[in-house]
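Here is the structure we will look at, set down as structure tokens.
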Amino acid sequence: MIDLTGKTALVTGGTRGIGKAIVEALVQAGAKVVFTGSSAESAEKAMVAFAESGIHTFGLGGDVSDPEQAQKVVDLSLEYLEKIDILVNNAGITKDQLFMKMKREDWDQVMDTNLGGVFNVTKAVIKPMLKARYGRIINLGSVVGSTGNPGQVNYSASKAGLIGLSKSLAKELGGRNITCNVIAPGFIATDMTEQLPEAQKDTLISQIALGRLGEGKDIAGAVLYLASPLADYVTGTVLHVNGGMY
Ligand code: NAP
């Protein structure tokens with residue numbers, strides 16, 4: 001049992017899917033958690049749903065792709081938490097299309113959210129983390145950042161970019177006891193994968209050694225590990241959690 005009592009965490013994109021499971025797991029492990037959604041409405045709605053299931057956490061709206069909104073979310077989180085020990089950069093989107101048909105705006109939106117968002121939020125968090133000489137930064141990548149995937153030139157590039165960002169940050173920040181790692185999920189049952197046609201889902205499942213899509217809690221377990229003292233000597237790594245598909 002991992003105990004994070006006394007630790008604080010900010011989780012972006014915690015309203016649903018993988019982020020929601022991460023928020024639940026961190027709170028259940030004893031951490032004090034702030035989560036974000038893309039809007040105040042979605043954060044508020046999720047906060048009520050969390051409270052109804054006994055998960056006490058605080059939700060904030062803010063678009064991570066906008067540096068000013070990211071800064072505001074971090075400032076408000078610091079007011080509530082007083083410090084941020086654990087940052088989980090989870091917010092992400094897809095805008096899938098074959099490269100030949102992909103619009104420049106689909107490329108920009110995915111890069112600005114999945115990669116730019118991590119830059120913006122981490123930039124806002126890093127000063128207090130450096131001052132505290134402690135931090136656990138956990139970035140949500142994807143298996144397709146390593147394998148590529150047709151229809152996901154933008155998404156795969158954003159997730160591959162996240163690996164370079166995280167490995168470099170790990171080297172810059174290690175001396176201050178701040179670790180930075182990537183968790184690369186395979187295919188996890190959330191709204192994001194719900195969009196896939198059934199036939200494509202069946203093909204995907206046939207390529208997964210464990211024979212099923214993952215669940216949010218499968219990824220939340222990896223977050224708990226990287227946030228805990230068990231992983232104090234782990235940094236600059238990519239932890240693949242994909243049921244054996246890669
Ligand atoms: P999801 O169910 O679509 O949820 C996305 C979350 O991100 C929501 O909380 C959403 O908030 C938030 N979000 C989206 N755009 C945002 C923005 N611009 N600013 C702030 N928040 C934003 O996604 P998921 O499947 O849980 O995926 C979570 C992470 O895991 C993503 O980084 C994704 O790339 C990665 N991942 C997922 C899978 C998978 O199979 N599902 C596989 C590999 C990697 P709202 O509710 O307000 O929209």
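Counting convention: from 1, in listed order, for ligands and their atoms alike. The model shown is predicted, which means the values in this text are computed figures rather than measured ones. Every heavy atom of this structure was used, including side-chain atoms; hydrogens, water molecules and symmetry mates were not.
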- Item | Minimum-distance protein heavy atom relative to atom 3 (O) of ligand 1 | R16 NH1, 3.3 Å
- Query: So, K72 and D66, do they make that salt bridge, N to O below 4.0 Å?
  - Reply: no
- Query: Going by side-chain heavy atoms closer than 4.5 Å, which hydrophobic residues are tied to M1, directly or by a chain of links?
  - Reply: none
- Query: Taking NZ, NE, NH1 and NH2 as the nitrogens, is one of them in K45 or E41 under 4.0 Å from a carboxylate oxygen of the other?
  - Reply: no
- Message: For the residue pair N114 / S158, report whether a side-chain donor-acceptor contact shorter than 3.5 Å exists.
- Response: yes
- Message: Would you say V238 ends up clustered with I178 if hydrophobic residues are merged whenever their side chains have heavy atoms under 4.5 Å apart, either directly or through other cluster members?
- Response: no
- Which residue supplies the protein heavy atom nearest to atom 45 (P) of ligand 1, what is that atom called, and how far is it? S38 OG, 3.4 Å
- Query: Does ligand 1 have an atom under 4.0 Å from some heavy atom of T12?
  - Reply: no
- Note on the structure: When every non-hydrogen atom of L213 is compared with those of K201, the smallest separation belongs to CD1-CD, 4.3 Å
- Message: Closer than 4.0 Å to some heavy atom of G17 - which atoms of ligand 1 meet that?
- Response: 2 (O), 26 (O)
- Tell me, please: is G117 in heavy-atom contact with ligand 1, that is, under 4.0 Å? no
- Message: Nearest non-hydrogen contact with atom 44 (C) of ligand 1 belongs to which option: A21, G141, G92?
- Response: G141
- Note on the structure: Here the atoms of ligand 1 under 4.0 Å from any heavy atom belonging to I93 are 14 (C), 15 (N)
- For F187, the ligand 1 atoms whose distance to one of its heavy atoms is below 4.0 Å: 40 (O)
- Ranked by distance from atom 19 (N) of ligand 1, the top protein heavy atom is V64 N, 2.9 Å
- Query: What atoms in ligand 1 come closer than 4.0 Å to a heavy atom of T113?
  - Reply: 18 (N)
- Message: Under the side chain to side chain contact (heavy atoms under 4.5 Å, CB included) test against N89, which residue among V125, V118, I138 passes?
- Response: V118
- Query: Any idea which protein heavy atom is nearest atom 17 (C) of ligand 1, and the distance to it?
  - Reply: D63 OD1, 3.7 Å
- Distance-only donor-acceptor check, side chains Q195 and D191, under 3.5 Å: no
- Query: Are any of the side-chain nitrogens in D96 or K101 under 4.0 Å away from the carboxylate oxygens of its partner?
  - Reply: no
- Checking N149 side chain against Q152 main chain: does a donor-acceptor pair fall under 3.5 Å? no
- Query: Of the choices T193, N90, L140, V23, which has the non-hydrogen atom that lies closest to atom 31 (C) of ligand 1?
  - Reply: N90
- Query: Of all the atoms in ligand 1, which lie at a distance below 4.0 Å from a heavy atom belonging to G62?
  - Reply: 19 (N), 20 (C)
- Query: Under a heavy-atom criterion of less than 4.0 Å, does G61 contact ligand 1?
  - Reply: no
- Which protein non-hydrogen atom lies closest to atom 30 (O) of ligand 1, naming both residue and atom, and how far is it? I18 CD1, 3.6 Å
- Any idea which protein heavy atom is nearest atom 46 (O) of ligand 1, and the distance to it? T15 OG1, 2.6 Å
- At what distance is the nearest protein heavy atom to atom 33 (C) of ligand 1, and which residue and atom is it? Y155 OH, 3.4 Å
- Taken in chain and number order and not counting sequence neighbours, the residues that satisfy side-chain contact (heavy atoms from CB on, under 4.5 Å) with T147 are V143, V144, Y246
- Message: Looking only at the side chains, is there a donor atom on one of N154 and D106 sitting less than 3.5 Å from an acceptor on the other?
- Response: no
- Output yes when the distance from some N or O of ligand 1 to some N or O of K159 is under 3.5 Å, and no in every other case. yes
- Item | Backbone or side-chain N or O of I188 under 3.5 Å from ligand 1 N or O | yes
- Item | Ligand-residue contact atoms, ligand 1 with T190, heavy atoms, under 4.0 Å | 2 (O), 24 (P), 25 (O), 26 (O), 41 (N)
- Considering only non-hydrogen protein atoms, determine which one is nearest to atom 13 (N) of ligand 1 and report residue, atom name and distance to 0.1 Å. A91 CB, 4.0 Å
- Task: Give yes if a backbone or side-chain nitrogen or oxygen of G13 is under 3.5 Å from a nitrogen or oxygen of ligand 1, and no if not.
- Result: yes
- Could you tell me whether F35 and F58 have their ring centroids closer than 6.0 angstrom? no
